[in-house]
Structures are given as structure tokens and as C-alpha cells.
Amino acid sequence: MTKSEETYKYYLIDEIPVKVKLNESGLKVASYVYNRESKDFELNNEYLLKLEDHNKLLEVESVTEDEFRDRLKTLKTLGKIDGLTL
């Protein structure tokens, strides 16, 4: 699978944009969260566990890629993230 063929699902977990990489079988294998220090998305698989939170302590919303990008733009406008190229 090449980089351009990689498949992702997009989520807001307590309003935090998280993109989740899927393998060829559609299983969640990695999660990426924006890091303010590196100004890029970084691997953070703690969010895979948060997606499977069976106690529902966190608000988890599945969103489209466009909704995900819109949320990132909003955060960038509010100054909560910077340096991210969308």
C-alpha cells in the first residue's frame, strides 16, 4: 500500500481532531493527533484506546475528511494550532 493509497477515518474526540489509519482489512492500526510543538500530526495510539472507550467518558464523533479539515481550520483561526498546512 503506497502513501497515496493509505486509508483513514476521521474523528473528533472531545473536540480533538484525530485521524486513524486503517489496514487493508479496515482495522484501525494507528492514530495521529496534531502536535503543537512539531506543528504536524504525530503518532499517538492512546487515541485508539480512547475510541474504544466502552465507559463513554469521552465524546467521540466520526466525521468526514471535509468536516475534519474544517475543524482544523477553525482551530487554526482560533490560534489553538499553528503552522499546519491544510
Side-chain angles (χ1 to χ4, degrees):
M1 181 178 290
T2 66
K3 185 97 172 151
S4 64
E5 295 173 336
E6 290 179 344
T7 303
Y8 293 91
K9 281 194 171 184
Y10 301 90
Y11 297 90
L12 299 177
I13 300 177
D14 277 351
E15 297 298 316
I16 298 169
V18 178
K19 66 180 183 178
V20 175
K21 184 177 177 180
L22 306 176
N23 68 11
E24 296 85 10
S25 300
L27 297 175
K28 299 172 185 125
V29 295
S31 59
Y32 298 88
V33 179
Y34 183 75
N35 181 303
R36 292 181 75 164
E37 291 180 19
S38 69
K39 298 181 179 175
D40 201 359
F41 281 90
E42 291 190 351
L43 180 66
N44 184 336
N45 283 330
E46 287 182 27
Y47 282 85
L48 284 179
L49 296 174
K50 292 178 181 188
L51 277 172
E52 304 304 323
D53 176 19
H54 296 289
N55 296 320
K56 303 300 178 204
L57 298 174
L58 302 171
E59 183 180 334
V60 176
E61 180 182 358
S62 179
V63 296
T64 66
E65 184 175 0
D66 288 338
E67 291 169 324
F68 183 81
R69 289 183 176 278
D70 288 345
R71 178 65 179 152
L72 291 175
K73 287 178 187 175
T74 298
L75 290 173
K76 190 171 185 178
T77 300
L78 294 174
K80 295 192 177 188
I81 61 174
D82 56 337
L84 179 65
T85 303
L86 300 173

Review item, side-chain donor-acceptor pairs of residues 41-48, under 3.5 Å, at least two apart:
unit_1: Glu42; atom_1: OE1; unit_2: Asn35; atom_2: ND2; d: 3.1
unit_1: Glu42; atom_1: OE2; unit_2: Ser38; atom_2: OG; d: 2.8
unit_1: Asn44; atom_1: OD1; unit_2: Glu46; atom_2: N; d: 3.1
unit_1: Asn45; atom_1: OD1; unit_2: Ser31; atom_2: N; d: 2.9

Side chain of Arg71, backbone of Glu15: donor and acceptor closer than 3.5 Å?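 Pair found, side chain donor or acceptor close to backbone of Glu15.
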
Does any N or O in the side chain of Asp14 come within less than 3.5 Å of the main-chain N or O of Leu58, such that one atom is a donor and the other an acceptor?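 Looks like no, no N/O pair under 3.5 Å.
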
How long is the straight-line distance from NZ of Lys28 back to NZ of Lys9, given to the nearest 0.5 Å?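 Spacing of NZ (Lys9) from NZ (Lys28) equals 6.0 Å.
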
Interatomic distance, Glu24 atom CD to Thr7 atom OG1 [nearest 0.5 angstrom]: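 Here the rounded value is 8.5 Å.
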
Are Val18 and Leu22 connected in the hydrophobic side-chain network, where two residues link if heavy atoms are under 4.5 Å apart?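 Result: yes, single cluster for both.
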
Residues in salt bridge (charged side-chain N to carboxylate O under 4.0 Å, His left out) with Glu65, at least two apart?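 Listed in chain order: Arg69.
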
Give a yes or no on this: more than 12 heavy atoms of other residues, nucleotides or ligands lie within 6.0 Å of atom NZ of Lys19.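 Result for NZ/Lys19: enclosed.
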
Is the CD atom of Glu67 crowded by more than 12 outside heavy atoms at less than 6.0 Å?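 Yes, the 6.0 Å shell around CD holds more than 12 heavy atoms from other groups.
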
Can you say whether the rings of Phe68 and Tyr10 are parallel (under 30°), tilted (30 to 60°) or perpendicular (over 60°)?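 Tilted, since the angle between the ring planes falls between 30° and 60°.
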
Partners passing ring-ring contact (aromatic ring centres under 6.0 Å, His included) against Tyr11 (at least two apart in sequence or in another chain):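 Checked Tyr11 against ring-ring contact (aromatic ring centres under 6.0 Å, His included); zero matches.
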
Which residues share a side chain to side chain donor-acceptor pair (under 3.5 Å) with Ser25, sequence neighbours left out: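 Testing Ser25 for side chain to side chain donor-acceptor pair (under 3.5 Å), a comparison that skips the adjacent residues, returns none.
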
Heavy atoms only: give me the nearest Val60-Lys50 pair and the separation to one decimal.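 Nearest pair, atom of Val60 first, then Lys50: CG2-O, 4.1 Å.
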
